[in-house]
J.: 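Dumping the structure here so I can ask a few things about it.
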Amino acid sequence: MSAVKELSNVRNIGIMAHIDAGKTTTTERILYYTGRSYKMGEVHDGNAVMDWMEQEQERGITITSAATTCTWNDNKINIIDTPGHVDFTVEVERCLRVLDGVIAVFCAVGGVEPQSETVWRQADRYAIPRLAFVNKMDRIGADFDRCVAMIEERLGANPLPLQLPVGSEADFSGVIDLVEETMLTFSEQDLGQEVVRSPIPVEYEEVFTAARMTILEKLADFDEDVMEKYLNDEPVTVDEIYRALRKATLALEIVPVLCGSAFKNKGVQPLLDSVIRYLPSPVDIPVIEGMDKDGETIELKTGTKEKFCGLVFKLMSDSFVENLAFARVYSGSLKLGDKIFNPVKRKKEKISKLLKLHANKREEVKAIEAGDIGAIVGLKFTTTGDTLCESGDFVVLESMDFPEPVIGIAIEPKSKAEEKKLSETLDKIAIEDPSFTISTNEDTGQTIISGMGELHLEIIVDRLLNDFKVAAKVGKPQVAYKETITASTGGEGRFEQMTGTRQYGHVVIEVEPLERGAGFEFSNEIDEQTIPAMYLEAIERGIKDTLDSGPLIGYPLTDIKVRLTGGSYDEEDSTEMAFGVSASMAIRKAAAEAQPVLLEPIMDLEVVTPEEYVGDAISDLNTKRAKITGVESEKDIQMVRAHVPLAEMFGYSTSLRSATQGRAHFTMQFLNYDAVPGPKAELIIKKIRGI
């Protein structure tokens with residue numbers, strides 16, 4: 001690969017979409033046309049370069065985000081292919097945190113699907129400029145205009161088609177470039193390698209003229225030069241259009257839309273051209289914000305001559321190598337042998353090995369420069385979301401929020417000899433995957449592993465048994481319930497130890513319910529004379545630790561506000577421990593009297609079914625305590641949207657198949673927690689207590 005000298009010639013992009021929209025196939029074509037791969041990998045054959053995990057090849061889906069680098073017209077493109085399945089949303093989240101631009105891939109038949117919306121909102125949160133690629137134009141039912149309309153309606157975006165498809169379904173033969181006013185077709189003899197330019201067919205001239213006029217009208221709103229020429233009926237040059245398009249895309253004012261069929265090798269080279277033309281380079285993000293040791297906002301200039309600063313966005317471990325830390329370097333450069341500082345952990349780290357990645361292949365390098373993505377081997381203290389900076393500096397970049405797990409299973413070693421190996425392997429996976437947690441059930445002593453969905457846990461168990469060779473027994477999936485309170489009440493805790501070392505603590509609190517999803521709030525309403533400030537942290541910590549186990553059946557207590565309203569202390573005998581214990585006693589009493597209720601995870605479900613089975617699909621959902629929120633029709637298929645408790649959804653794919661003769665499919669993602677109805681809650685509580 002030719003060396004890229006300028007930072008303005010680098011692109012850090014992600015490819016994101018709903019499952020099965022064609023992300024990995026698109027990435028495979030990009031790697032082939034840029035010369036990074038000598039042959040095209042296919043997802044359905046299990047030989048896609050980017051789906052290198054055995055579990056990905058078996059299922060034909062992307063599970064872990066894979067990074068690679070290629071060059072296109074002397075520009076370097078760092079690409080991350082992200083998962084589309086909702087169980088792996090956290091993979092998308094952490095990749096978007098460090099990317100500058102995104103290609104959003106949409107299926108020309110399915111349009112904007114539920115996970116398309118999820119990843120789009122994640123990109124909104126990080127304010128990332130996007131290109132839209134309407135893929136699968138060769139499929140039966142492909143509809144480019146409908147897909148563009150859905151991007152506008154469902155995502156609230158401002159899509160601007162820069163191409164028109166020539167033909168559709170089996171007759172899809174190429175695209176019309178609206179900016180350069182030409183038709184592009186892709187030769188079938190050399191896997192679409194040669195792009196053939198020809199005049200626009202006569203029958204497309206009318207629709208082309210209208211679409212090109214739309215581009216000029218929209219750009220006139222964002223660019224004064226284009227507006228002036230447009231109003232004066234003067235011709236706008238191709239370069240002026242490109243400049244205005246780039247400006248509007250970087251400002252998040254428009255989303256350029258292209259189309260093609262990655263599987264049929266059509267439309268990928270113009271997509272690569274558009275990545276270079278419209279998506280930002282590290283130079284377009286001249287300043288990033290961080291915090292200093294006092295919590296004050298500071299601005300960092302990006303560039304190779306600045307001091308080093310980077311963010312670790314992913315850790316990866318396998319059974320053969322030390323931990324790999326994926327890092328984006330924002331400023332300066334990271335060199336082999338450097339000693340750097342982790343301000344989050346307040347620890348120094350030494351750089352013993354640096355790698356560039358191509359899926360699961362690794363290439364050792366001596367430095368990673370500003371604007372680049374690479375991997376560091378052997379960091380001892382650093383975890384996902386940590387900032388790394390030069391020794392002597394203190395800069396913390398914005399980290400990431402990870403969703404809480406909603407489903408768990410019990411796991412235990414098959415023999416005493418496997419106990420240590422299981423524990424160490426689970427710890428490895430938990431460091432690598434922030435949406436995976438390990439806990440111990442206090443009543444049974446069982447180890448519970450929790451994740452984002454059935455597939456998420458299935459993959460983890462698969463890796464445990466097959467990759468890490470741990471002999472373990474696995475239970476059935478269990479819902480991760482929570483508890484909350486529904487009334488306001490008070491509680492008092494007094495701890496006095498009269499024997500040995502005398503200790504004293506006395507706390508009075510009030511508790512009240514908060515709205516769903518609010519979590520935990522603590523407020524201090526007393527003065528220093530009642531309880532000195534030095535004990536407040538111990539009181540709050542004692543309350544927080546107790547909230548891990550609620551009064552009903554020991555699930556975490558959430559959506560609760562605790563106000564410290566009174567108490568007393570002894571100048572000689574009071575200790576932090578005594579106040580922690582008394583706070584714990586007070587919250588236990590108050591929570592038990594505040595009419596506690598059980599909360600369960602509710603999922604947002606979309607079922608896509610042929611029209612004749614919509615009644616059967618809805619009847620089946622009604623038996624699962626589902627609330628139908630809408631039914632939309634699209635040609636001869638119906639989309640049923642519903643909110644349904646996760647507890648009712650185990651084995652749903654089987655019941656949906658039997659209700660619709662295997663012709664319907666569904667997607668679901670976590671929505672929120674809500675109270676379990678009274679009679680159902682009683683049954684769950686009795687079952688868990690073993691009554």
Side-chain angles (χ1 to χ4, degrees), residues 18-21 59 61 84-87 89 107 109-118 140-141 143 146 150 153-154 406-409 452-458 476-482 516 597-688:
H18 185 86
I19 191 168
D20 209 26
R59 293 167 177 82
I61 62 168
H85 195 286
V86 65
D87 283 14
T89 302
C107 170
V109 182
V112 176
E113 296 170 277
Q115 186 64 1
S116 318
E117 293 187 46
T118 305
I140 293 170
D143 190 332
R146 170 178 164 263
M150 287 177 85
E153 289 158 18
R154 287 202 179 178
V406 294
I407 184 171
I409 50 174
M452 300 305 297
E454 284 183 275
L455 181 63
H456 186 197
L457 290 181
E458 187 187 309
K476 286 183 179 172
Q478 302 288 326
V479 173
Y481 292 103
K482 288 188 181 181
R516 292 287 169 268
V597 294
L598 199 60
L599 296 175
E600 63 182 345
I602 304 296
M603 310 304 282
D604 191 3
L605 175 77
E606 181 171 287
V607 179
V608 178
T609 174
E611 204 163 343
E612 61 264 39
Y613 297 113
V614 72
D616 298 312
I618 290 174
S619 301
D620 185 42
L621 284 173
N622 286 336
T623 66
K624 301 182 185 306
R625 298 193 283 130
K627 289 179 188 163
I628 308 296
T629 58
V631 180
E632 291 175 33
S633 61
E634 193 65 57
K635 295 183 181 172
D636 56 350
I637 56 170
Q638 300 272 340
M639 284 169 284
V640 181
R641 287 177 174 255
H643 295 163
V644 58
L646 174 62
E648 306 289 343
M649 294 306 287
F650 296 129
Y652 178 61
S653 53
T654 308
S655 71
L656 180 65
R657 271 201 298 271
S658 58
T660 62
Q661 296 186 9
R663 292 180 61 199
H665 64 274
F666 74 97
T667 51
M668 69 175 182
Q669 57 195 29
F670 173 70
L671 178 68
N672 57 20
Y673 270 87
D674 208 354
V676 182
K680 185 74 182 172
E682 282 175 32
L683 287 173
I684 294 167
I685 292 166
K686 282 180 180 174
K687 186 179 174 186
I688 291 171

J.: Which atom pair, heavy atoms only, marks the closest approach of V614 to Q638?
T.: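 Shortest heavy-atom separation between V614 and Q638 comes out as CG2-CB, 3.9 Å.
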
J.: Sequence neighbours left out, what passes salt bridge (charged side-chain N to carboxylate O under 4.0 Å, His left out) with D674? Give chain and number order.
T.: R516

J.: How long is the span from the CG atom in D620 to the OG1 atom in T660, to the nearest 0.5 Å?
T.: 9.0 Å

J.: Could you report the tightest heavy-atom contact between V109 and R146, atom names first, then the distance?
T.: O-NH1, 2.7 Å

J.: To the closest 0.5 Å, what do you measure between NZ (K627) and NE2 (H643)?
T.: 9.0 Å

J.: Could you give the distance from CD (E648) to CG (L621), rounded to the nearest 0.5 Å?
T.: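 The distance works out to 11.0 Å.
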
J.: Hey, could you give me the CG/CG distance between L605 and L646, rounded to the nearest 0.5 Å?
T.: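 It comes to 11.0 Å.
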
J.: Can you name the closest pair of heavy atoms from A480 and I407 and give their distance?
T.: CB-N, 4.0 Å

J.: Could you check whether any side-chain heavy atom of E606 comes within less than 4.5 Å of a side-chain heavy atom of F666, counting everything from C-beta outward?
T.: no

J.: Distance from M649 atom CE to R625 atom CZ, nearest 0.5 Å?
T.: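 So the CE of M649 and the CZ of R625 are separated by 12.0 Å.
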
J.: Heavy atoms only: give me the nearest E600-A647 pair and the separation to one decimal.
T.: OE1-CB, 4.2 Å

J.: Working to the nearest 0.5 angstrom, can you tell me the gap between K686 NZ and L683 CG?
T.: 7.0 Å

J.: Any idea which heavy atoms bring S655 and S658 closest together, and the distance?
T.: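 Heavy atoms only, the tightest pair is O-OG, 3.0 Å.
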
J.: Mind listing the closest non-hydrogen atom pair of L599 and A675 along with its distance?
T.: CD2-N, 3.5 Å

